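The structure presented is a predicted model; accordingly, all values stated were derived computationally and were not measured. Numbered from 1 within each chain, the chains take letters A, B, ... in sequence-line order.
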There are 2 protein chains.
Amino acid sequence: MKHSHKRDAICEVLREKKDHPTADMIYERVRERYPEISLATVYRNLAQLCAEGELIKIGAGGKERYDIDTSLHTHFFCEACGDVYDVFSPLHLSGLANAESEIGCKINFAHITFRGRCKNCSAKEA
Amino acid sequence: MKHSHKRDAICEVLREKKDHPTADMIYERVRERYPEISLATVYRNLAQLCAEGELIKIGAGGKERYDIDTSLHTHFFCEACGDVYDVFSPLHLSGLANAESEIGCKINFAHITFRGRCKNCSAKEA
DNA sequence: TTTAAAAACGATAATCATTATCGTTTTTGT
DNA sequence: ACAAAAACGATAATGATTATCGTTTTTAAA
């Protein structure tokens, strides 16, 4: 993988605002620095960075979202506004051994996501 | 919602084989009974049944899959063959209170999915 | 049991996110 | 500077899903 300014800009954008943007949100943000960038370049680089393990995709039904923090953490999806928040508090899941014996195989990974209304959306409703 | 034979057939197909089929898998199966059915009818009815709470969607990145068992349970996605299995063993997640205070709002729902290799795929590799 | 409005249907066009193609431009090691 | 490899922009293609629209079923009341 050669060095590329556009790819750098994509990573910077992801580091600057940790709101787990979609590909087109990233495209708009990078465009402020590189107005000539193509959406294809954004997708190409996102796929590449994911393959290298430098990014993770956090799709939840609709469009894919991207997170440059690849450390183990959980995401909270606001059902009202669609925003995604990080949760770093440690969680523990028990009952895995029984689940494994039920399906007769090893569980490699348990994926957890949360849903609810974020602080902003709860405040608006009140 | 009026009664419809095609919709009945879609539900039957989902009850007969609990492999969480995709829309086009359902289309193929219903076609054996109603060769004239349209894929649009399958999608229309699946959306309708989901809206009524009679089905759940269990998308995991790629195509959506559908499950007629709406009781609380977990899914295991085989990373090798893509098949989806049910897990009914009880699970318990702790650490939610800290997670809620971290993000400052109420978590309505914690969604858990498992990944690994199913029994068949593990056997093939050995 | 006709009848008429509402809902469902099939065919197919449209949408939308994402991926592939291809000719040109950058990067990088020599 | 040079040339191969990688990246790029523009745009076409793909694939899943949704929308449209004219026709057919369903259903409940006349």
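Looking at heavy-atom distances under 4.0 Å, A/K2 makes contact with a base.
Using a 4.5 Å heavy-atom cutoff, the side chains of A/V84 and A/D19 are not in contact. Side-chain contact between A/T74 and A/F76 is absent, with no heavy atoms from C-beta onward closer than 4.5 Å. For the pair B/H5 and B/Y34, the minimum side-chain heavy-atom distance is below 4.5 Å. Side chains of B/L14 and B/P21 form a contact here, defined as non-hydrogen atoms less than 4.5 Å apart. Side-chain atoms of B/N45 and B/Y43, non-hydrogen and from C-beta on, never get closer than 4.5 Å to each other.
Heavy-atom nearest nucleotides on DNA chain D were determined for B/R44 and for A/T41, and the one closer to the 5' end corresponds to A/T41. Along DNA chain D, the nucleotide nearest to A/S4 and the one nearest to B/R65 differ in position, and the one closer to the 5' end is contacted by A/S4.
Under the 30°/60° scheme for interplanar angles, the aromatic rings of B/F109 and B/H111 are found to be tilted.
For the residue pair B/N108/A/R115, the side-chain donor-acceptor check at 3.5 Å is not satisfied. A side-chain N or O of B/D67 and one of B/H73 form a donor-acceptor pair less than 3.5 Å apart.
Put simply, B/Y43 has a side-chain N or O that comes within less than 4.0 Å of OP1 or OP2 on D/dT17.
Protein chain A touches strand DNA chain C; the 5'-most and 3'-most nucleotides with an atom under 4.0 angstrom of its non-hydrogen atoms are C/dA17 to C/dT28.
DNA chain D is contacted by A/K6, A/R7 of residues 6-26 of chain A, taking any non-hydrogen atom closer than 4.0 Å.
Between the CD atom of B/E36 and the C1' atom of D/dT25 there is a distance of 12 Å, given to the nearest Å. Rounded to whole Å, atom P of D/dA16 lies 15 Å from atom CD of A/E64.
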